[in-house]
Amino acid sequence: MPSKQHKLIVISNRLPFYKVTDETGTTRWKQATGGLITALDPVLRKTRGVWLGWDGSAHSSVTQTPIPLIDVREIDTHEHLLGDEPGYYYIGNIPISAEEVEEYYNRFSNGTLWSLFHYFFEKSSINYASWNAYYEVNYRFAQHLESVTTPDDIIWVHDFHLFLVPFFLRKLRPQQMIHFFLHIPFPHLDIFSIIPWHKQILESLLCCNTVGFHHKQYLRNAREAVKLYKKEKLSTGTVTIEDGIDTRFYVNPISIDFDRFDTTARSAEVIARKEEIRTQCGCPHLLLGVDRLDYSKGIKERLLALEHLLEEHQELKGQLAYYQVAVPSRENVEAYQTLKKEVDEIIGRINGKFSTGVWSPIHYIYNVVTFEELVALYSAADIALVTPLRDGMNLVCKEYIASHADNDGVLILSKFAGAIAEIKNCLSINPYSIEDMSSAIYCALHMSLKERNRRMIKMRRNIRLNNIQSWLKNCLDLFNIN
Ligand code: GDG
């Protein structure tokens with residue numbers, strides 16, 4: 001077991017490992033990737049911490065307590081995605097039933113919270129059965145946390161799937177240090193109050209010692225909601241927990257492992273692959289979009305902007321190719337199935353309208369590519385189109401910058417991505433305006449090398465400095481565990 005002194009315990013919906021079953025029926029763990037994992041893996045190893053979460057599969061039984069803790073040294077021997085970091089930590093796999101996968105995960109987390117918090121209130125379903133499942137699963141996560149931790153541990157809860165965990169845990173452990181980080185926007189009160197359970201969410205956040213946000217506007221929105229909630233609390237007297245926790249809200253924008261992207265982009269293999277991609281593209285200008293296939297990412301609107309551009313500027317035919325990497329996401333949720341169909345249709349229509357025998361404007365990759373391929377694509381792209389309709393932060397724009405060791409490339413970035421607060425030398429656009437996006441692409445295509453270099457050098461300086469390591473250090477300093 002890990003040592004008892006101030007261990008860091010991370011809890012998130014998904015574990016940093018997931019289970020795969022091969023053709024022979026053998027199931028084994030694989031390491032997942034992502035910014036949070038890159039950041040937390042080394043510190044958990046150093047402190048012999050614990051990461052609790054779900055493995056992504058439907059479990060036949062959810063009653064097992066306590067859950068066994070698995071030493072990562074026993075499971076990550078096949079792959080070293082994060083390098084050979086010394087030390088180790090434990091993971092605890094919290095079981096979720098098939099029905100809960102549907103209600104807690106697909107319906108409430110993705111169908112209600114994700115859509116509402118990204119301002120798509122018309123897509124947000126309000127449903128008591130799903131809320132009940134969300135409540136139950138959050139309670140289970142808190143119970144498992146209690147069973148595998150001590151009151152000295154520092155608990156760090158991540159993201160909207162687990163909004164209620166602090167509330168349940170505080171009841172079980174009044175003195176525990178509990179921290180929360182929200183990876184998505186915290187919406188304006190007008191939107192937030194649509195959810196009938198907004199008070200429960202706030203009440204739970206106020207059970208934390210700290211709550212972190214990516215952007216100061218999210219923090220302002222949360223403060224406004226708390227102000228109103230406190231008034232409501234006084235008038236209705238319905239709050240059951242003791243006041244007394246001094247909750248600190250803070251802003252700390254998450255970032256990326258700059259050096260990992262920079263070093264990979266400079267490697268001989270990736271440079272060779274970048275040249276290959278450029279040759280295959282066969283046009284002077286390569287444009288790129290990389291997103292989970294999610295309606296919040298503005299993929300449809302971006303495609304319409306490209307269509308508009310080609311209609312307005314016939315001379316650009318054969319001069320540019322747009323590569324869209326779309327990672328399959330939440331395929332069991334109806335809104336995502338509809339989006340996939342719409343994107344397929346728009347791409348078909350645009351390619352049908354403009355393609356010649358030797359040229360097509362849009363290349364669509366509906367799949368995950370390897371990390372090296374991703375970096376090669378980023379470095380090959382003259383222009384990155386990062387145009388979400390709403391995004392908590394957005395790491396893709398930072399990864400694009402870090403992959404341009406050549407100081408070239410233009411970033412077109414939505415004013416509704418959290419990242420806009422830090423990245424000043426991009427071309428900022430309104431993703432709801434097709435014409436605005438189309439003009440920005442035209443401007444990027446005609447930007448001088450000198451201007452591209454000037455902007456990219458500044459953006460790289462910023463992301464190199466404000467990287468994932470500094471993000472983590474800022475959080476841990478607040479928790480007093482550095
Ligand atoms: C949530 C918030 C916030 C994508 N395609 C491939 C691939 N990716 C990786 C990217 C990037 C990640 O996925 C996507 O991160 P984003 O930040 O853009 O978006 P979300 O998944 O929505 O993340 C977001 C984030 O949490 C962190 O707080 O920034 O606002 O919505 O890292 O590189 N990776 C590989 N192949 C792919 O094809 N290897």
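For ligands, and for the atoms within them, numbers begin at 1 and follow the listed sequence.
Cation-pi geometry between Arg260 and Phe371 is satisfied (NZ or CZ under 6.0 Å from the ring centre, within 45° of the ring normal).
One N or O on the side chain of Asp22 and one on the backbone of Thr26 form a donor-acceptor pair closer than 3.5 Å. Judged by distance alone, with hydrogens and angles left aside, the side-chain atoms of Ser12 form no donor-acceptor pair with the main-chain N or O of His158 at under 3.5 Å. Distance alone, capped at 3.5 Å, is enough to place a donor-acceptor pair between the Asn252 side chain and the Trp471 backbone. A donor-acceptor pair under 3.5 Å links the side-chain atoms of Asp55 to the main chain of Ser57, judged by distance alone. The backbone N or O of Glu422 lies less than 3.5 Å from a partner atom in the side chain of Asn462, making a donor-acceptor pair.
With salt bridges taken as basic N to acidic carboxylate O contacts below 4.0 Å, one links Asp406 and Lys274.
Closest to atom 38 (O) of ligand 1, if we only count protein heavy atoms, is Val369 N, 2.8 Å. With hydrogens left out, the protein atom closest to atom 6 (C) of ligand 1 is Val327 CG2, 3.6 Å, a heavy atom. Regarding atom 30 (O) of ligand 1, its nearest protein heavy-atom neighbour is Asp391 OD1, 2.6 Å. Atom 9 (C) of ligand 1 has Glu399 OE1, 4.6 Å as its closest protein atom, hydrogens excluded (heavy atom only). Residue, atom and distance of the protein heavy atom nearest to atom 7 (C) of ligand 1 are Leu374 CD2, 4.0 Å. Of all protein heavy atoms, the one lying nearest to atom 21 (O) of ligand 1 is Arg292 NE, 3.0 Å. For atom 2 (C) of ligand 1, the closest heavy atom belonging to the protein is His183 O, 3.6 Å. Protein heavy atom nearest atom 18 (O) of ligand 1, with residue, atom name and distance: Leu395 N, 3.4 Å.
Contacts between Val290 and ligand 1, counted as non-hydrogen atom pairs separated by less than 4.0 Å, involve the side chain only.
Using a non-hydrogen distance threshold of 4.0 Å, Trp114 registers as a contact of ligand 1. The shell of residues lying under 4.0 angstrom from ligand 1, judged by heavy atoms, excludes Glu373.
When Phe163, Phe108, Trp197, Phe160 are each tested for a ring pair (Phe, Tyr, Trp, His ring centres under 6.0 Å) with Tyr134, only one passes: Phe108. With respect to His285, the side chain to side chain contact (heavy atoms under 4.5 Å, CB included) criterion is satisfied by exactly one of Leu445, Ile383, Ile441: Leu445.
The side-chain hydrogen bond (donor to acceptor under 3.5 Å, both in side chains) pairs that include a residue from residues 371-385 are Arg273-Glu373, Arg278-Asp382, Tyr378-Glu399, where partners are two or more places apart or lie in different chains.
Close approach of ligand 1 to Val396 (heavy-atom distance below 4.0 Å) involves ligand atoms 18 (O). Counting atoms of ligand 1 from 1 in the listed order, those under 4.0 Å from a heavy atom of His214 are 28 (O). Near Gly392, the atoms of ligand 1 lying under 4.0 angstrom from a non-hydrogen atom of the residue are 30 (O). Atoms of ligand 1 found under 4.0 Å from any heavy atom of Val368, numbered from 1 in the order shown, are 36 (N), 37 (C), 38 (O).
From Lys199, atom NZ reaches atom OG of Ser204 across 15.5 Å, with rounding to the nearest 0.5 Å.
The closest side-chain heavy-atom distance from Tyr119 to His188 is below 4.5 Å.
Residue contacts with ligand 1: Val325 is placed with no nitrogen or oxygen under 3.5 Å of a nitrogen or oxygen of the ligand (distance criterion only). The shortest N or O to N or O distance between Asn394 and ligand 1 is under 3.5 Å.
Within the 4.0 angstrom cut-off, atom 13 (O) of ligand 1 has no protein heavy-atom neighbours.
The residue among Lys297, His158, Met393 with a heavy atom at the shortest distance from atom 19 (O) of ligand 1 is Lys297.
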